[in-house]
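Note sheet for the following structure.
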Amino acid sequence: MPARRALRRDPRPPPEGREKLEQWIHDAEQSQHPELRRFASGLRKDWDAVMAGLTLHWNSGAVEGHVNRIKMLKRQMLGRANHDLLRKRVLLTR
């Protein structure tokens, strides 16, 4: 638990972890598998977001929970009602 608290105080990634990730991406870019090369290329293109996702304590868990709830309601109502009733259920079900 203390290590987790330390990460929250210092949002920078540990240097050895960042170096290992950069080395893995470099190795993946040299891979013979095109899917792995494409994945590594995507990580490089969105490097700031990757680092933020690995180091910051914010996440989208609450939003994902609401999206999951709405999708469940949509599946329950499939073919049974119109969008007006779905809207009411989404707003009233919490």
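Atoms considered below: every heavy atom in the structure, side chains included; atoms not considered: hydrogens, waters and symmetry mates. All values reported here derive from a predicted model rather than from experimental measurement.
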Fill in: Cluster overlap Leu73 with Val67, hydrophobic side-chain contacts below 4.5 Å
no
Worksheet item: Could you give the distance from CH2 (Trp24) to CD (Glu29), rounded to the nearest 0.5 Å?
Response: 9.5 Å
Worksheet item: Taking the side chain as C-beta and beyond, is there a heavy-atom pair between Leu21 and Met51 under 4.5 Å?
Response: yes
Response to the item:
Looking only at heavy atoms, the pair that brings Leu85 and Met77 closest together is CG-CE, 3.6 Å
Worksheet entry | Heavy-atom side-chain contact between Gln76 and Met72 under 4.5 Å | yes
Discussion item. Using modelled atom types and a 3.5 Å cut-off, is there a donor and acceptor pairing between side-chain atoms of Arg69 and backbone atoms of Val90?
Written reply: yes
Fill in: Min side-chain heavy-atom separation His33-Arg38 under 4.5 Å
no
Worksheet item: Side chains of Gln23 and Asp27: donor-acceptor distance under 3.5 Å anywhere?
Response: yes
Worksheet item: At their closest point, which heavy atom of Ala28 faces which heavy atom of Leu36, and how far apart are they?
Response: CB-CG, 3.8 Å
Fill in: Spacing of NE2 belonging to His66 relative to NZ belonging to Lys71, to within rounding of 0.5 Å
14.5 Å
Item to complete: Calculate, to the nearest 0.5 Å, the distance between atoms CD and CG belonging to Glu22 and Leu43 respectively.
Response: 11.5 Å
Worksheet entry | Test item: side-chain donor near acceptor, Gln30 and Arg37, under 3.5 Å | no
